[in-house]
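So the structure is just underneath, and the comments pick up after that.
Numbers restart at 1 for each chain; the letters A, B, ... are given by sequence-line order, proteins then strands.
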Number of protein chains: 2
Amino acid sequence: MIDGAMLIGAEARQADKRFTSVDPSTGATLTPDFSSAGPDAVDAACALAAEAFPTFAATDPEARAAFLEGITEEILALGDDLIVRAMQESGLPRARLEGERGRTVGQLKLFAQVVRQGDWLDATIDPAMPDRQPLPRPDLRRMNVALGPVAVFGASNFPLAFSVAGGDTASALAAGCPVVVKGHPAHPGTGELVARAIAKAVEKAGLPAGTFSYLPGETNELGGAIVRDPRIKAVGFTGSRGGGMALMKIAAERDEPIPVYAEMSAINPVVIMPHALEARGAALAPAYVQSLTMGAGQFCTNPGLVLAIAGPALDAFVEAAGAALTDSAPSTMLTPGIHASFEKGVEALAAHSAVTTVARGKVGEGVNQAVGALFRTDADAFLADRALGHEVFGSSSIVVACRDLAEVKKVIASLEGQLTATLQIDAEDEADAKALIPVLADRVGRILVNGWPTGVEVAPAMVHGGPFPATSDGRTTSVGTGAIYRFLRPVSLQNLPASLLPDAVADTNPWGIARRIDGKREASPR
Amino acid sequence: MIDGAMLIGAEARQADKRFTSVDPSTGATLTPDFSSAGPDAVDAACALAAEAFPTFAATDPEARAAFLEGITEEILALGDDLIVRAMQESGLPRARLEGERGRTVGQLKLFAQVVRQGDWLDATIDPAMPDRQPLPRPDLRRMNVALGPVAVFGASNFPLAFSVAGGDTASALAAGCPVVVKGHPAHPGTGELVARAIAKAVEKAGLPAGTFSYLPGETNELGGAIVRDPRIKAVGFTGSRGGGMALMKIAAERDEPIPVYAEMSAINPVVIMPHALEARGAALAPAYVQSLTMGAGQFCTNPGLVLAIAGPALDAFVEAAGAALTDSAPSTMLTPGIHASFEKGVEALAAHSAVTTVARGKVGEGVNQAVGALFRTDADAFLADRALGHEVFGSSSIVVACRDLAEVKKVIASLEGQLTATLQIDAEDEADAKALIPVLADRVGRILVNGWPTGVEVAPAMVHGGPFPATSDGRTTSVGTGAIYRFLRPVSLQNLPASLLPDAVADTNPWGIARRIDGKREASPR
């Protein structure tokens, strides 16, 4: 059931102010209209979240994990209604959205495992040394605790996996933090369905209603009001650089500044090393164009920049990529606004005096269609105009021809922080590639070899992050099990009697978790 | 040798602008005068640090640990000159400074162990699953890398352990980050001696000169210029709330915002629970007054607030504490400015209509003497005026009489973030105390039972941190082995051939470190 409500904890409430969503493939307005949450709703949701916090944060790992699994059941119980609505609101095809639902459910289940395993508690025990000289050492124990209520801003490009029940929500709930979601206005029906599923799981788990609230809305004021609320203790955001930086500013100017985890923008450089270019430049083109155009290029890790040394091999790569792109079908973009920005970005590149348009994709018939775009320039021009290094969200990419590897390095060093960097190498390139690894590691969150950056595994070793402005906080990841640490902080307990020790650091270790004893970590139990 | 130089890497350079330091016990100006580093020096030091970064960050654990140990040798080689100068500049007694030197050397050695052990790398390997359905899983590995050059602002109250070679410097160097120290103007001679010792260790280790620079100065402009420099990637600071917040603002307004780890202010509440108060209230007084007055009360964790239930037992505690304080000797404060602030804070409390002055310590003969101060008020007054909860840096403390435990909780909930909270309990208090633990854990970085908050163990389980404004970032600690994580960020490596893998995540595990394989952590090897 979708009726345009906000969820203030368990309570579905309608706001007087309304907004509507659009089917981007037709431009038609969808029904129903939706509540545009105002200050009263923000206040109510944050008050409930603060009230829920001590109880929810005190849940034991088993209860919290079972709750996360409960959310997956409720999401799956929505059945095909969820997929159909998400298709209408996003223009994304069924297979993609079914896959994304699998990813959403999978990451909630993974966090349930993480919560049960207990490594996230970082339980640490330094036993007392009563006879130490010159002073005795007290019994000292440390564990992670939840930060407090978290505001989550969903992204438009993953209406399931990076939205209401996406990675930010899953990791914040896993950490023991109540969540207040600011619903993305591009998919409010999808958002409401998922929000109702989470609220149902909260109720079935017997948790306080304020553990989860959902505030749909189309204004910047709504987001600002949530981040300004003193009961909110951290923010998770995926979206534009402008949006993320506005929230960073609001958070820094609060009486109590709070962390903002904003995943913002990247052009994800791909370096084709000389031997790989020579040996298989043209052969690389189809996979590159596929990574560039899948999902209308609407991925944070879309390969927006290719660096290689000028010459016939690069010309062959560009030609093959141009041919593949010319054959590529257009696809519907997520919103008219995103489509307009894409067109504007592509037009600016096409009009740039130092940039050549290599190819455009097929033009479609419908509205809001992304027609892929491939450009070419040289390193001098790229270094001279920083605008050429800005993200054009969608299937647009620019090939930068460099004189030599030194110039490739120079271009890399000139880049802002990125989510990913990719190296295409052959065996003979390995020595040069090895020298590039630390240079790239200083600029990006993930380095790939002989692959393409789209496709972000949800796993312990994943970093979906990177130095500013790829994200607001390069010390973290928003995908993978590491995301839970964003919503935790350590507390030290000195000389507590056994009866006062929390279970995580009790001598009896009732949760059976691995601890660090006297500086040495035990192996994970499971 | 002290000649007032700045150290730009290995080069000792004199600035035209000079400043002097004062012996706080006499008010006399000390010789020589010191360089007041200007923008040129900042630029030169940051340029060298950026140049040194890739080389220093690439050192293997053994080399980096040996360098940290080398620093300890050079500090010890300074011999008694260091202690004598520190005594002159800080007014602190010999035994305290000798102890502090031991702590400084000890924490450098501890970080050497930490570096060798390798847990800080958080090395994580998710092996490839080529046959996984619907998509294969790539080989994915993750490790921590150094953030980049770090600016360190030393504190006045620990001229060795929280200054030039203090915890921030030790943990940043351990992480592989070059350090640019902004020398504290209260102890520039001590600072220069230690800086020269570190520079000597850099040279002996064959590291790039820019691994360490030292910029003494007495202006806020100097600190601002260092934090504004785009090559600086993080800041460690211990000092006043005003100073810390000014640096946070500068860091947030940079083109590339950077993390600031500022340890700022706290009043460190002590709750005397009813049964403990009844059974041994008066007996607690001497240890409380000792914790309050040691080092002239110039500790971040000084017990500035006592909460207990009003009644004869509290009166007896207050009377005994007053008697002990009346007998307490005055001691020299660190600087005339700190002394003046202390006097002003004490006078404001004494003049407050809702506050009673219980006792003052003995008045001394010299200048800049801290005369201890004990005040009393009730919860209504404390809750009505937030100024009563502000830190008075020095040996000043206020006892707040509450009606009942509910009012104690109310006062705790009203407090800003704190470094510590202490509970004095007897066996019969345990049930009530247990209920307070999560309430306190939400407000502070460390909870102590039946001890006193001064004395901060340098250990894996220590948290010297806490929610804002105790620190700028409650997710971290500035004391203990956990401090290294402030200067690291994760990088993920996908599908790298063996020849390109860094040692930390190589299959051969040449450093013999513990890793997390497929989500399960191995036990620490040592």
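- Heavy-atom distances place no part of A:P438 under 4.5 Å from chain B, backbone and side chain included.
- Chain B forms the most heavy-atom pairs under 4.5 Å with one residue out of A:L140, A:L448, A:D126, and that residue is A:D126.
- A:K434 contributes a side-chain N or O that, together with a main-chain N or O of B:S499, makes up a donor-acceptor pair within less than 3.5 Å.
- Most heavy-atom pairs under 4.5 Å with chain A: of the set B:L501, B:N144, B:T124, this distinction falls to B:T124.
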How far apart are the C-alpha atoms of A:I425 and B:L500, what are their side-chain angles, what is the distance that settles it, and do they pass the side chain to side chain contact (heavy atoms under 4.5 Å, CB included) test? CA-CA 11 Å; A:I425 66 170; B:L500 261 64; 4.0 Å; yes
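- A:P490 and B:G474 get closest at one heavy-atom pair: CD-O, 3.8 Å.
- With a threshold of 4.5 angstrom between heavy atoms, A:R132 approaches chain B through side-chain atoms but not through N, CA, C or O.
- In this structure, chain B has a heavy atom under 4.5 Å from the backbone of A:V444, while its side chain stays farther away.
- The backbone N or O of A:K520 sits nowhere less than 3.5 Å from a side-chain atom of B:S524 that would complete a donor-acceptor pair.
- At a 4.5 Å heavy-atom cutoff, A:L440 makes no contact with chain B through either its backbone or its side chain.
- In terms of heavy-atom pairs under 4.5 angstrom with chain B, the leader among A:P259, A:A252, A:G480, A:P469 is A:P259.
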Give the intermediate values and the outcome of side chain to side chain contact (heavy atoms under 4.5 Å, CB included) for residues B:L488 and A:R475. CA-CA 7 Å; B:L488 297 167; A:R475 296 163 296 173; over 6 Å; no
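- Taking CG of A:D473 as the start and CZ of B:R489 as the end, the distance is 11.0 Å to the nearest 0.5 Å.
- Across all their heavy atoms, A:I437 and B:L496 have their closest contact at CD1-CD2, 3.9 Å.
- Proximity to chain B is limited to the side chain of A:T477, based on heavy atoms less than 4.5 angstrom apart.
- Interface summary for chain B: among A:G417, A:G451, A:P467, A:P525, the most heavy-atom pairs under 4.5 angstrom belong to A:P467.
- Chain B forms the most heavy-atom pairs under 4.5 Å with one residue out of A:E522, A:Q113, A:E430, A:E256, and that residue is A:E430.
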Stepwise side chain to side chain contact (heavy atoms under 4.5 Å, CB included) test for B:Q494 and A:I447: CA-CA 6 Å; B:Q494 184 171 326; A:I447 300 171; over 6 Å; no
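- Not counting sequence neighbours, the partners of A:R96 by the salt bridge (charged side-chain N to carboxylate O under 4.0 Å, His left out) test are A:E100.
- Contact count versus chain A (heavy atoms, under 4.5 Å) is highest, among B:G465, B:P497, B:A57, for B:P497.
- By number of non-hydrogen pairs under 4.5 angstrom with chain B, the leading residue of A:K233, A:Q117, A:E253, A:R516 is A:Q117.
- When the heavy atoms of residues 457-464 of chain A are compared with those of chain B, the residues falling under 4.5 Å are A:E457, A:A459, A:P460, A:A461, A:M462, A:V463, listed by number.
- Contact count versus chain A (heavy atoms, under 4.5 Å) is highest, among B:D442, B:D518, B:N450, for B:D442.
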Go through the steps for A:D255 and B:F468 under the test side chain to side chain contact (heavy atoms under 4.5 Å, CB included), then give the verdict. CA-CA 9 Å; A:D255 284 347; B:F468 181 88; over 6 Å; no
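- Side-chain atoms of A:N495 come within 3.5 Å of backbone N or O of B:V449 as a donor-acceptor pair.
- If you tally non-hydrogen atom pairs under 4.5 Å between each of A:R526, A:M143, A:M248, A:E416 and chain B, the highest count goes to A:R526.
- Contacts of A:M245 with chain B are absent, with no heavy-atom separation under 4.5 Å from either backbone or side chain.
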